[in-house]
Q: 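Before anything else, here's the structure in question.
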Amino acid sequence: MFLDFCRTKCYNMIEEIRFKNVLSYRDEVTLSFEATNETTLEEHHVRIMPNGTRLLRMAMILGANASGKSNLLNVLESLRAFCIRKPKDMDVETGIIPFLLDKETPNQPSQFSLRFWVNNIRYWYKLKITQKRVISEELFFYRTTELIMVFSRNLEGDESKLLINSNAVQIGSEEKKALEINCLPNMSLFAARGSVNMKFEYVDSVRSWFNKGWMPMIEPRTSMTTYSQDVFANRSDFRSYLLDFMGKADFNITDIQDRKENQMIPENILKQILENNELPAEVKDNISTHPMVEKHIMLFEHKVENERGKETYSMSYDRQSMGTKRVVGIEAALYDAMGHDAFLMIDEMETSIHPELMEYILQKYLQSSDNSQILFTTHNDALLRTIDDLLRKDNIWFVEKQKNGSTDLYSLVEFKGLNKISHIEKAYRRGSFGALPIVKE
C-alpha cells in the first residue's frame, strides 16, 4: 500500500541545506526539514518520501533583532537567484557575499550543500563559490541508496572544466562543448543550460524546480499589489478561497471582484522598452503607438450597518488597510505555493498581521493536502504556545549572534528534557533556549 501511495504522489521538497561563509554565517550550519519520530499533527505537517524519509512542510525561525534571521532567508534567496540568473558578462558578481567580519573569510569561498526531491528523485547539489566565480559545482542523484554523479564542474586556471557522467546522462561532445562555452565563470550550469538546445536529463528537472518550484522570497517591504491581483485574475478558484478566509477571519469583506482597466505605461518604463534591442521593431512600433497596458484591479465589497440600515460599498485594493493588503499578499503567495507544491520563504511574517490572525493563516495552510513547504522568520514568540496544537517542536529553529559577529542556527529539539517543560514560550522568555535580545540598563 505504501508503494502504491508513492506512485500516486509527486514530491518536490527540500530535505536539508548546509552552508558556510555566507553573510553572517561564518561556520557551517544546517537547516533540516526532516521530521523527528514524534507523530504529533502528522497528517498536516509530515510528508513521507519514496525512501521513507519524513519531511516537514514548515520551519519557523526565532531570534533577536540583528541576529541573522533575515540573513538566513537571504542566504537561501542568493542561492536560488544564482542558480537561475544569467549574467550579461563575466564581470558581474555572483551575488554570493562571504562573512565579512573576519580577516580570512572574505578571501575564502562560500559553500552550499542542498539535498532535495524533484519528481520523487532525491538530489544532492554542492556549490563552492566566491563573489567573482564558481570554484566547483556538482549535482548527484540517488538510485535507491546509490549516489550517482550527473555532472561535476571545477575551475582550472581561469576556465571551468565540465565532467558529465555518461552512465547517468547521454549528451554529445558538441553539446558538452557548447555548455562549457556558455557557462561563464560567474554563473551556474543550470543557467547556462538554457542557452543550449539539447536534452539534459536530471539537470532539466532541477533547473525547472529552481525556476518554478522555489518562489522568490517575501520581505516585509515587498509590494504584493501586482502579484496579488494577477493571482486573483488568473486563478479563478482563488476568489472563493480568499473570500472563505476573509469571512472566517472577520474582515467585514463580503465579496471581491476583478475589474480590468487600461492604463498608460509610465514614461520611464516605456523608455526602457523602446531602448531594448532584443525586442522586434514591430513590437516597439505597436507599443509606441498604443502605450497602454491592461491592469487588473481588485474591488472589495464592504457591508456596514448604520442609522439607515445595511449598506454596501466597493473599495479598490489600494484603499484597503496595510494589514488587509499584507494578508491578501501572503494568502496569494501561499495559495500559489500550494497549487504548485513550491517552496516559499517569508521574512517577518507577522508584519502588519495580528498574532491570532497569523495563527489562523498557518492553520489554513497546514490544512491543505499538498506538498508545499514554507520557511518563515518571526518575532511572534507567542506561537510557541501553539506547540502540539498547531506547531510541532521540530518546526522551531533559533538563531543567535555570537561574540565574533557570526550567526549560529540550531533547533528546539536539540535541547534535552523538552517533554518536562510545560510552557515552551515561558522557558524561551527565561532564556532557556537563547536567541533573545540582551537589553542593558
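Bear in mind the structure is a predicted one, so any value in this text is a computation, not a measurement.
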Q: Can you give me the closest heavy-atom contact between Cys83 and Phe210, atom names plus distance?
A: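 Heavy atoms only, the tightest pair is SG-CZ, 3.7 Å.
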Q: Find the distance between CG (Leu163) and CD (Glu138) and round it off to the nearest 0.5 Å.
A: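 It is 9.5 Å, given to the nearest 0.5 Å.
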Q: Do Phe140 and Tyr125 have ring centroids that are under 6.0 Å from one another?
A: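 That pair fails the under 6.0 Å test.
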Q: State whether a side-chain donor-acceptor pair under 3.5 Å links His379 with Glu350.
A: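 Yes.
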Q: Ignoring hydrogens and geometry, is there a side-chain-to-backbone donor-acceptor pair from Glu175 to Gly172 under 3.5 Å?
A: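 Looks like yes, one N/O pair under 3.5 Å.
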Q: For the side chain of Arg239 and the backbone of Leu242, is there at least one donor-acceptor N/O pair under 3.5 Å apart?
A: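 It does not hold such a pair.
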Q: Between Asn154 and Ser152, do the side chains contain a donor N or O and an acceptor N or O under 3.5 Å apart?
A: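 Yes, a side-chain donor-acceptor pair sits under 3.5 Å.
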Q: Look up atom CG in Leu344 and atom CZ in Phe376, then write down how far apart they are to the nearest 0.5 Å.
A: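 Answer for the CG-CZ pair, Leu344 versus Phe376, is 11.0 Å.
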Q: Does Gln367, at its CD atom, have more than 12 non-hydrogen atoms belonging to other residues, nucleotides or ligands within less than 6.0 Å?
A: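 Yes.
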Q: Looking only at side-chain N and O atoms, does Thr36 offer a donor or acceptor that is under 3.5 Å from a partner on Asp394?
A: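 Side chains of Asp394 and Thr36: pair found under 3.5 Å.
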Q: Assess whether side-chain hydrogen bond (donor to acceptor under 3.5 Å, both in side chains) is satisfied between Tyr365 and Ser372, documenting all intermediate values.
A: CA-CA 9 Å; Tyr365 168 75; Ser372 61; 2.9 Å; yes
Q: Under a 3.5 Å cutoff, is there a donor and acceptor pairing between the side chains of Asp408 and Tyr25?
A: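 No - no donor-acceptor pair under 3.5 Å links their side chains.
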Q: Any donor-acceptor pair under 3.5 Å linking the side-chain atoms of Ser67 with those of Glu400?
A: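 Checked: Glu400/Ser67 side chains show no N/O donor-acceptor pair below 3.5 Å.
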Q: What's the spacing between Asp370 CG and Asn12 CG if we round to 0.5 Å?
A: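 Output value for this atom pair is 11.5 Å.
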Q: When you measure from the side chain of Asn21 to the backbone of Pro109, do you find a donor-acceptor pair of N or O atoms at a distance under 3.5 Å?
A: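 Yes, the answer is positive, given that a donor and an acceptor are paired below the 3.5 Å cut-off.
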Q: Between Lys86 and Ser195, does a side-chain hydrogen bond (donor to acceptor under 3.5 Å, both in side chains) hold up when you go through it step by step?
A: CA-CA 10 Å; Lys86 187 176 180 181; Ser195 300; 2.3 Å; yes
Q: For Lys393, does the NZ atom have more than 12 heavy-atom neighbours from other residues, nucleotides or ligands under 6.0 Å away?
A: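 Above 12, so yes.
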Q: Of all heavy-atom pairs between Pro98 and Pro106, which one has the smallest distance, and what is that distance?
A: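 Looking at all heavy atoms of both residues, the shortest contact is CG-CA, 3.9 Å.
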Q: Any chance the side chains of Thr377 and Asp347 put a donor and an acceptor closer than 3.5 Å?
A: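 Yes, a side-chain donor-acceptor pair sits under 3.5 Å.
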Q: Is the number of heavy atoms from other residues, nucleotides or ligands under 6.0 Å of Asn197 CG greater than 12?
A: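 No - once you tally the heavy atoms of other residues, nucleotides and ligands closer than 6.0 Å, there are 12 at most.
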Q: State the CG-CZ distance between Leu55 and Phe33, to the nearest 0.5 angstrom.
A: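 Those atoms lie 9.0 Å apart.
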Q: Answer whether the closest heavy-atom distance between the side chains of Met13 and Met49 falls below 4.5 Å.
A: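 Answer yes - side chains close enough.
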Q: Is the closest side-chain donor-acceptor distance between Thr53 and Asn51 under 3.5 Å?
A: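 Yes, Asn51 and Thr53 have a side-chain donor paired with an acceptor closer than 3.5 Å.
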Q: What do you reckon, is CD of Glu159 surrounded by more than 12 foreign heavy atoms closer than 6.0 Å?
A: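 No, CD of Glu159 has 12 or fewer neighbouring heavy atoms, counting only those of other groups under 6.0 Å.
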Q: Go through it in stages, so that I can follow the logic: the residues are Ser368 and Arg57, the test is side-chain hydrogen bond (donor to acceptor under 3.5 Å, both in side chains), and I'd like the CA-CA distance, side-chain angles, deciding distance and then a yes or no.
A: CA-CA 11 Å; Ser368 65; Arg57 297 181 60 222; 3.0 Å; yes
Q: Quick check: does any side chain N or O of His44 sit under 3.5 Å from a backbone N or O of Leu390, one acting as donor and the other as acceptor?
A: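 Side chain of His44 to backbone of Leu390, a donor-acceptor pair under 3.5 Å: no, none is there.
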Q: Measure the spacing between CD1 of Ile135 and CD of Gln108 and express it to the nearest 0.5 Å.
A: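 So the gap between those two atoms works out to 12.0 Å.
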Q: Is the number of heavy atoms from other residues, nucleotides or ligands within 6.0 Å of CE (Met90) greater than 12?
A: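 Counting neighbours around CE of Met90, 12 or fewer heavy atoms of other residues, nucleotides or ligands fall under 6.0 Å, so no.
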Q: Assess, by modelled atom type and distance only, whether the side chains of Arg47 and Asn371 contain a donor and an acceptor separated by less than 3.5 Å.
A: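 Yes, Asn371 and Arg47 have a side-chain donor paired with an acceptor closer than 3.5 Å.
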Q: side-chain hydrogen bond (donor to acceptor under 3.5 Å, both in side chains) between Thr40 and Glu38: does it pass, once the steps are laid out?
A: CA-CA 6 Å; Thr40 305; Glu38 72 166 289; 2.9 Å; yes
Q: Between Pro87 and Val92, what is the shortest heavy-atom contact and its length?
A: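 Here Pro87 and Val92 meet closest at CB-CB, 3.9 Å.
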Q: Just do the ring-ring contact (aromatic ring centres under 6.0 Å, His included) check on Tyr428 and Phe398 with the steps written out, would you?
A: CA-CA 10 Å; Tyr428 170 67; Phe398 300 106; 5.6 Å; yes
Q: Going by ring pair (Phe, Tyr, Trp, His ring centres under 6.0 Å), Phe116 matches just one of Trp124, Phe141, Phe343, Trp209. Which one?
A: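 Only one of Trp124, Phe141, Phe343, Trp209 forms a ring pair (Phe, Tyr, Trp, His ring centres under 6.0 Å) with Phe116, namely Trp209.
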Q: Do NZ/NE/NH1/NH2 and the carboxylate oxygens of Glu15 and Arg122 come within less than 4.0 Å?
A: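 Salt bridge present between Glu15 and Arg122.
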Q: Return yes when atom NZ of Lys401 has more than 12 non-hydrogen atoms of other residues, nucleotides or ligands closer than 6.0 Å, and no otherwise.
A: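 Atom NZ in Lys401 is packed in, count exceeds 12.
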Q: Tell me the closest heavy-atom pair linking Leu139 and Val203, and the distance in Å.
A: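 What the structure gives for the nearest pair is CD2-CG2, 4.1 Å.
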Q: Between Leu384 and Met60, which heavy-atom pair has the shortest distance, and what is it?
A: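 Scanning both residues completely, I find the closest heavy atoms to be CD2-CE, 4.4 Å.
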Q: State whether a side-chain donor-acceptor pair under 3.5 Å links Arg207 with Ser188.
A: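 Short answer, no.
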Q: Output yes when a side-chain donor or acceptor of Tyr11 lies under 3.5 Å from a complementary backbone atom of Ile121, and no otherwise.
A: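 No; judged by distance alone, with no hydrogens or angles, the pair does not exist.
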Q: Under 6.0 Å from the six-membered ring centre of Phe112 and within 45° of its axis: does the NZ or CZ of Lys20 meet both?
A: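 No, Lys20 and Phe112 do not form such a contact.
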Q: Keeping the roles fixed (side chain from Lys128, backbone from Gln111), state whether a donor-acceptor pair exists under 3.5 Å.
A: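 Not at all, since once roles are kept as given, no pair shorter than 3.5 Å links the two residues.
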Q: Does the pair Lys126 and Glu137 meet the rule for a salt bridge (charged side-chain N to carboxylate O under 4.0 Å, His left out), with working shown?
A: CA-CA 6 Å; Lys126 298 172 69 177; Glu137 184 181 20; over 6 Å; no
Q: Can you name the closest pair of heavy atoms from Leu56 and Gln373 and give their distance?
A: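 Scanning both residues, the minimum pair turns out to be O-NE2, 3.0 Å.
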